[in-house]
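What follows is a single structure, written as structure tokens, with notes after it.
All values below were derived from every heavy atom in this structure, side-chain atoms included, with hydrogens, water molecules and symmetry-related copies excluded.
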Amino acid sequence: MPLSSRPAAAALATAGVVAATLITAGPAHAAAAVTDVPTKLTTLAAPKSMAAANGRLFVSDGNTVAVLGTDGVTQKSITAMFGARDVLASPSGDRVYVALSQAGAIAVIDTGTLSEVARYATGECPVHLAFAGSRLFYGAGCDQWDGTLASVDAATGADPQTVQTERMSSAPLLAGAGNTLVAGVAGISSGPVYTFAVDGAAVTALAHKDTSGFLDRVDVSPDGTKVAVAGGSDHLAQYDAATLSMAGSYDTGTWPDDVAYSHSGTMIGGGVDSTYGPGGNLVAYNVVDGSPVLSGNAHPKAAYNRPGPVSGTLTWSADDSRLYSIIDDFTGQAAHPHFYYLAIGFETVAAQAPTTTRLKLAAPAKAGGKVRATATVAGRPGVPVRFVRSSAAGELTMTATTDAAGAATVAMPAPAGGVVTAYYDGDDSFAPSSASAGYKTVTKAGVTLYGQYKTVRKVAYFHAPKDVVIKMAVSSPVPGRKVTALLQGRAGGKWKTLQKKKFTLDASGGYYIGLRSANKNVQYHLVVKFAGDAYGKKSSATGRTFVIG
């Protein structure tokens, strides 16, 4: 009564193969830029704009203005800044002006006392700010197709004036220097830019140009002769302010979303959305010859998806020795979707201190259980650790934060044996490290009878050997796993092994066999034994008794 394999096409009733993948190295990282730029984690929640003044950084953050030190630490939060948007520092640095889009006003903050000293009334929804001549201009817009340009006296907030312009689809982006004012309209593909000459309260249009790209930011050189724009291309574009004829191009390699001239006018900085690009996300160029003076890769960790700069936050220190930007690390996690970092260009990154990650696994206690993984990163409390489970059941990633002792624990579903790797991604000060360990699952062998039969006192009666179909299975499937099948017959009250044969289970952990022949009126059953392997513990099972005839 030899055993016979059943054709897979006729007998298999489970899903197809799931490829097994074992992690042997860390994930691929984005190409390194010329310079690593230091980043400092902040407590910002929704930054929109930033200005440097009096040795501090002023950031609009929801309904507050956060005052940061150059180390990224919040020194004070100035409240009642409803709908804070653009932040603009006065040329002397003693005042900071904040557009309050939900209060119809511009707040004036003393950068020494860190308190509001005045509030200028405006029209509804001021968003963007710029100085030109003796005026403080604001671009306003509450809804789409509702952009306006207006100004007040910069010293007093009096003498409100509205600038007559072509219809603008949103609050215009603004920049100004000397007697030159530039306005750009974001959100439309034509990317229109307008320049104006300012003389007292009088504003005269100079030029208009469609840049053929979605604008993110505009700026004016300190002498008021050049205009720079970011957005809609792979470069920062520079134009003559009077005519808007092309006057230079600075290749960023991918989409720039911020631009700012240095105070000296000798450099032009850019923030670049280079998530997947080869270059840096914080860059600067020599204005005259276009040569790069900074190609900075600002990132808070060794990330393969580089965080991008927040448009509107690029700003130079008073002495042009540093180029600041807020970097948005989007996590996609509901509890904390964004982490915001202060990036500091032109500053040397200190060598990373080495770290050690240790990993301990507690294998599942029962079939279908979870593997408990505990990673310890020595001396690094409060940091995220990525746990990657690789097995025949596919790859799964979970993240946990280390406790005060530097330990993080997750319980990972373990439908099959495999390998868990714990990754600490590191940061500017500490190098990344990882550790891997394998685990075995508790397996459960099974034997199931199929075919046409009737049951009498728990014994299955088949008409002929060809009617018998037996499925062997082992839980926690791994492709290529082998089992031993023992066909036994009952004689004299004892079971005797009649045939012993090895079979290779399919990717679903099962295999179908049948009988070529068998004696009638003899009780048989099948015993399946799995000896265990690198991924699962041993198990065995005895099938139901059956009779032919």
Side-chain angles (χ1 to χ4, degrees), residues 30-38 52 91 130 173 175-182 184 191 193 195 206-207 209-213 215-274 277-298 306 308-309 311-325 327 343-349:
V34 174
T35 303
D36 280 338
V37 172
L173 303 163
N179 293 317
T180 301
L181 175 71
V182 59
V193 173
T195 55
L206 294 176
K209 183 180 183 64
D210 288 339
T211 62
S212 300
L215 295 179
D216 283 300
R217 213 67 185 175
V218 298
D219 201 18
V220 178
S221 62
D223 62 4
T225 63
K226 298 293 188 293
V227 171
V229 303
S233 63
D234 57 2
H235 61 274
L236 300 174
Q238 181 174 259
Y239 303 95
D240 179 84
T243 64
L244 286 180
S245 58
M246 198 70 184
S249 178
Y250 307 92
D251 184 16
T252 60
T254 185
W255 192 297
D257 62 7
D258 214 345
V259 63
Y261 284 99
S262 64
H263 298 288
S264 65
T266 61
M267 294 181 289
I268 185 171
V272 182
D273 183 8
S274 59
N281 52 13
L282 198 62
V283 298
Y285 304 88
N286 181 296
V287 170
V288 176
D289 62 17
S291 61
V293 293
L294 172 67
S295 181
N297 184 9
R306 185 182 304 131
S311 179
T313 62
L314 192 71
T315 187
W316 293 85
S317 62
D319 61 0
D320 290 342
S321 64
R322 291 181 171 187
L323 180 60
Y324 298 104
S325 182
I327 304 296
I344 310 171
F346 295 109
E347 184 174 288
T348 302
V349 178

Where do Val287 and Thr266 land on the side chain to side chain contact (heavy atoms under 4.5 Å, CB included) test, with the steps shown first?
CA-CA 5 Å; Val287 170; Thr266 61; 5.8 Å; no
Could you give me the CA-CA distance, side-chain angles and deciding distance for Trp255 and Asp216, then say whether side chain to side chain contact (heavy atoms under 4.5 Å, CB included) is met?
CA-CA 10 Å; Trp255 192 297; Asp216 283 300; 3.0 Å; yes
Just do the side chain to side chain contact (heavy atoms under 4.5 Å, CB included) check on Leu314 and Arg217 with the steps written out, would you?
CA-CA 10 Å; Leu314 192 71; Arg217 213 67 185 175; over 6 Å; no
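For the atom pair OG1 of Thr252 and CG of Asn281, the computed distance is 11.5 Å after rounding to the nearest 0.5 Å. One distance of note links CG of Asp210 with CG of Leu215; it measures 9.5 Å at 0.5 Å rounding. If you take CG on Asp219 and CD on Gln238, they are separated by 10.5 Å, rounding to the nearest 0.5 Å. Taking OG1 of Thr211 as the reference point, atom CG of Leu244 lies at 10.0 Å (rounded to 0.5 Å). Note that CG of Leu294 is 9.5 Å distant from CE of Met267, once rounded to the nearest 0.5 Å. Of the inter-residue distances, the one linking Ser249 atom OG with Tyr239 atom OH reads 8.5 Å to the nearest 0.5 angstrom.
In this structure, the side chain of Asp258 engages the main chain of Gly312 through a donor-acceptor pair within 3.5 Å. Listed for the Ser325 side chain is no donor-acceptor partner under 3.5 Å among the backbone atoms of Ala343. For the pair Trp316 (side chain) and His263 (backbone), a donor-acceptor distance under 3.5 Å is absent.
Listed by chain and number, the residues in a side-chain contact (heavy atoms from CB on, under 4.5 Å) with Ala230 are Leu236, Pro256, Val259 (sequence neighbours excluded). Residues passing the ring pair (Phe, Tyr, Trp, His ring centres under 6.0 Å) test with Tyr250 are Tyr285, sequence neighbours excluded. Every residue meeting the side-chain hydrogen bond (donor to acceptor under 3.5 Å, both in side chains) condition with Ser262, not counting sequence neighbours, appears here in chain and number order: Ser264. Asp289 is linked by a side-chain hydrogen bond (donor to acceptor under 3.5 Å, both in side chains) to Ser291, counting only residues two or more places apart in sequence or in another chain. By the side-chain hydrogen bond (donor to acceptor under 3.5 Å, both in side chains) test, Ser212 is found to be paired with no residue, residues two or more places apart in sequence or in another chain being considered. Under the side-chain hydrogen bond (donor to acceptor under 3.5 Å, both in side chains) criterion, Asp257 pairs with no residue at all, not counting sequence neighbours.
Across all their heavy atoms, Ala130 and Gly176 have their closest contact at CB-N, 3.7 Å. Between Ser317 and Ala52, the shortest heavy-atom distance links the atoms CA-CB, 4.5 Å. In this structure, Ser221 and Ala177 approach most closely via the heavy-atom pair O-CB, 3.2 Å.
Proximity of Ser321 to Phe346: side-chain heavy atoms (C-beta onward) are nowhere separated by under 4.5 Å. When side chains are defined from C-beta on, Val193 counts as touching Val182, because their heavy atoms get closer than 4.5 Å.
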